[in-house]
Amino acid sequence: MDRVGVGIIGSAFSSNIHAEAFEEVPEAMIVAACSPSKRHVEEFARKWKIPATATDYRKLLERKDIDVVVVGIPNDRHREVVVEAAKAGKHIILEKPIAHTLKDADAMLEACQKHHVKLMYAETICFSPKYARAKKLVDEGAVGKLYMVKQGEKHSGPHSDWFYEVKRSGGGSLMDMGCHGIEWARWMYGKPKPKSVVAHCQRVLHSGRTKGEDNSVVILEFDGGGIAVIEDSWAKHGGMDDRIELYGTGGVIYCDLLRGSSMETYSTTGYGYAVEKAGETRGWTFTVFEEAHIYGFPNEMRHFNRCILNDETPRETGEDGRATLEIIYAAYESAGTGKKITWPYKPKKPDEVPVNLWLKG
């Protein structure tokens with residue numbers, strides 16, 4: 001194999017970024033896309049010059065010219081699609097979080113192992129050029145021994161209404177974005193085992209739309225002593241904010257992913273798009289450019305594509321997604337009980353969405 005055939009399952013926000021990223025992977029070609037809405041998927045295909053469409057994802061799985069499917073759909077649909085893709089012998093690139101329950105995550109991992117396909121966990125901030133450079137500095141010893149990392153992702157709410165339905169999503173801001181920071185922290189420390197977690201969740205802005213939290217703070221401790229502070233919010237106005245801090249015995253690193261790379265713009269009339277989730281473009285704004293590059297999507301897709309061509313182990317695997325989800329369960333349990341959760345840890349009801357541990361606490 002010298003070129004990978006790609007099928008995209010989904011046609012909303014994340015799928016558009018996936019399609020844009022693959023334009024910079026010459027060893028891959030998107031051959032088909034799928035979405036339940038015929039009109040929506042046809043518009044998506046025209047935009048990205050994708051030659052074939054379907055409204056049933058199984059049609060993509062039947063195609064011999066598709067080697068990998070990229071899954072960017074609501075969390076509660078992950079298990080069904082991933083298991084069927086594995087049975088069809090397709091490799092899978094799966095948007096975060098891995099699933100809305102641990103039971104679903106385990107079923108997906110089992111199916112992929114049984115059918116010898118790669119389940120690649122699309123945790124994009126582990127591929128962001130700025131954050132990847134910070135990781136290299138840490139690995140080179142530039143800041144000494146790493147003892148604390150912080151990551152925050154904040155905006156005023158998600159793209160689609162299904163995120164607010166906790167039975168479909170699994171939770172609120174912690175589930176949606178905390179998975180980014182948790183896996184990024186695992187990666188920064190070399191993926192050690194967790195030791196304990198303390199978390200706080202609150203609902204401050206979207207009480208009329210969701211039972212889930214829209215603001216969360218997680219303090220995660222790893223074996224070896226390193227700690228991570230993860231802050232996530234759907235209640236922060238003014239557009240996307242994503243940044244990290246790294247503290248070592250010999251130095252410190254600060255990274256602002258978006259504003260540190262943006263253009264400062266002043267407009268009296270406003271304009272079309274400033275940055276993800278920005279609600280206003282009049283006055284001073286931070287105008288992002290090459291957004292997919294900043295987030296790391298082309299790097300991510302190149303890496304996953306190479307893993308398929310060369311039969312390599314991905315940097316981010318289904319097991320990583322599962323480990324992150326387990327930590328999310330523990331964080332919700334901490335928020336619900338007001339107690340520190342320690343490892344070894346297993347949630348009592350892995351078939352229930354993790355936010356229930358907070359809601360019933």
Non-neighbouring partners of [X] that pass side-chain hydrogen bond (donor to acceptor under 3.5 Å, both in side chains), sequence neighbours left out:
X: W358; answer: none
X: D241; answer: R243
X: S37; answer: none
X: T324; answer: E183

Closer than 4.0 angstrom, basic N to acidic O: yes or no for [X] and [Y]?
X: R322; Y: E326; result: yes
X: K348; Y: E333; result: no
X: R63; Y: D65; result: yes
X: K47; Y: E43; result: no

By ring-ring contact (aromatic ring centres under 6.0 Å, His included) - contacts of F13 (at least two apart): H159
Could you check whether atom [atom1] of [X] has more than 12 heavy atoms from other residues, nucleotides or ligands sitting under 6.0 Å from it?
X: E264; atom1: CD; answer: no
X: K193; atom1: NZ; answer: no
X: R282; atom1: CZ; answer: no

Looking at residues at least two apart in the chain, or sitting in another chain, which of them share a side chain to side chain contact (heavy atoms under 4.5 Å, CB included) with [X]?
X: E24; value: H293, P298, R302
X: T317; value: T313, P314, E319, D320
X: K135; value: D139, W187, M188
X: K195; value: E221, D223

Could you check if a side-chain atom of [X] sits within less than 4.5 angstrom of a side-chain atom of [Y], using non-hydrogen atoms only?
X: V275; Y: F286; answer: no
X: M240; Y: Y295; answer: yes
X: L94; Y: M108; answer: yes
X: E123; Y: H180; answer: yes
X: D351; Y: T101; answer: no
X: V288; Y: I294; answer: yes
X: I93; Y: V71; answer: no
X: D106; Y: P350; answer: no

D161 vs R209, salt bridge (Lys or Arg N to Asp or Glu O under 4.0 Å): CA-CA, chis, key distance, verdict: CA-CA 9 Å; D161 287 342; R209 302 190 70 179; 2.7 Å; yes
Determine whether the side chains of [X] and [Y] contain a donor N or O and an acceptor N or O closer than 3.5 Å.
X: T287; Y: Y271; answer: yes
X: N215; Y: S233; answer: yes
X: N75; Y: W162; answer: no
X: Y121; Y: E95; answer: no
X: Y329; Y: E352; answer: no

Expected output: side-chain [X] to main-chain [Y] donor-acceptor under 3.5 Å:
X: S334; Y: A199; value: yes
X: H115; Y: V117; value: no
X: D56; Y: R58; value: yes
X: K96; Y: D176; value: yes
X: S128; Y: I125; value: no
X: D104; Y: A99; value: no
X: H303; Y: R315; value: yes
X: Q151; Y: V229; value: no
X: S35; Y: G10; value: no
X: E280; Y: G238; value: no

Worked verdict on M301 versus H18 for side-chain contact (heavy atoms from CB on, under 4.5 Å): CA-CA 8 Å; M301 295 308 168; H18 297 154; 3.5 Å; yes
To the nearest 0.5 Å, tell me how far [X] [atom1] sits from [Y] [atom2].
X: I244; Y: L257; atom1: CD1; atom2: CG; result: 8.5 Å
X: S11; Y: H40; atom1: OG; atom2: NE2; result: 4.5 Å
X: E213; Y: C201; atom1: CD; atom2: SG; result: 4.5 Å
X: M120; Y: C112; atom1: CE; atom2: SG; result: 9.5 Å
X: T55; Y: R39; atom1: OG1; atom2: CZ; result: 14.0 Å
X: H100; Y: R77; atom1: NE2; atom2: CZ; result: 11.0 Å

ring-ring contact (aromatic ring centres under 6.0 Å, His included): pairs with one or both residues in residues 200-228, sequence neighbours excluded: Y164-H206, Y189-F222
Any pair counted as ring-ring contact (aromatic ring centres under 6.0 Å, His included), so long as it reaches residues 19-39, sequence neighbours left out: none
Decide whether [X] and [Y] are clustered together by the hydrophobic rule: side chain heavy atoms of Ile, Leu, Val, Met, Phe, Trp, Tyr closer than 4.5 Å, transitively.
X: V81; Y: V41; answer: no
X: I92; Y: I30; answer: no
X: V69; Y: V25; answer: no

From CA spacing to verdict: side-chain contact (heavy atoms from CB on, under 4.5 Å), E231, E153: CA-CA 7 Å; E231 301 176 354; E153 184 173 339; over 6 Å; no
Shared-cluster residues of V198, by chain and number - hydrophobic side chains joined below 4.5 Å: none
Step-by-step salt bridge (Lys or Arg N to Asp or Glu O under 4.0 Å) determination, D242 to K154: CA-CA 7 Å; D242 194 318; K154 303 172 185 179; over 6 Å; no
Parallel, tilted or perpendicular: rings of F127 and F304 (30°, 60°): perpendicular
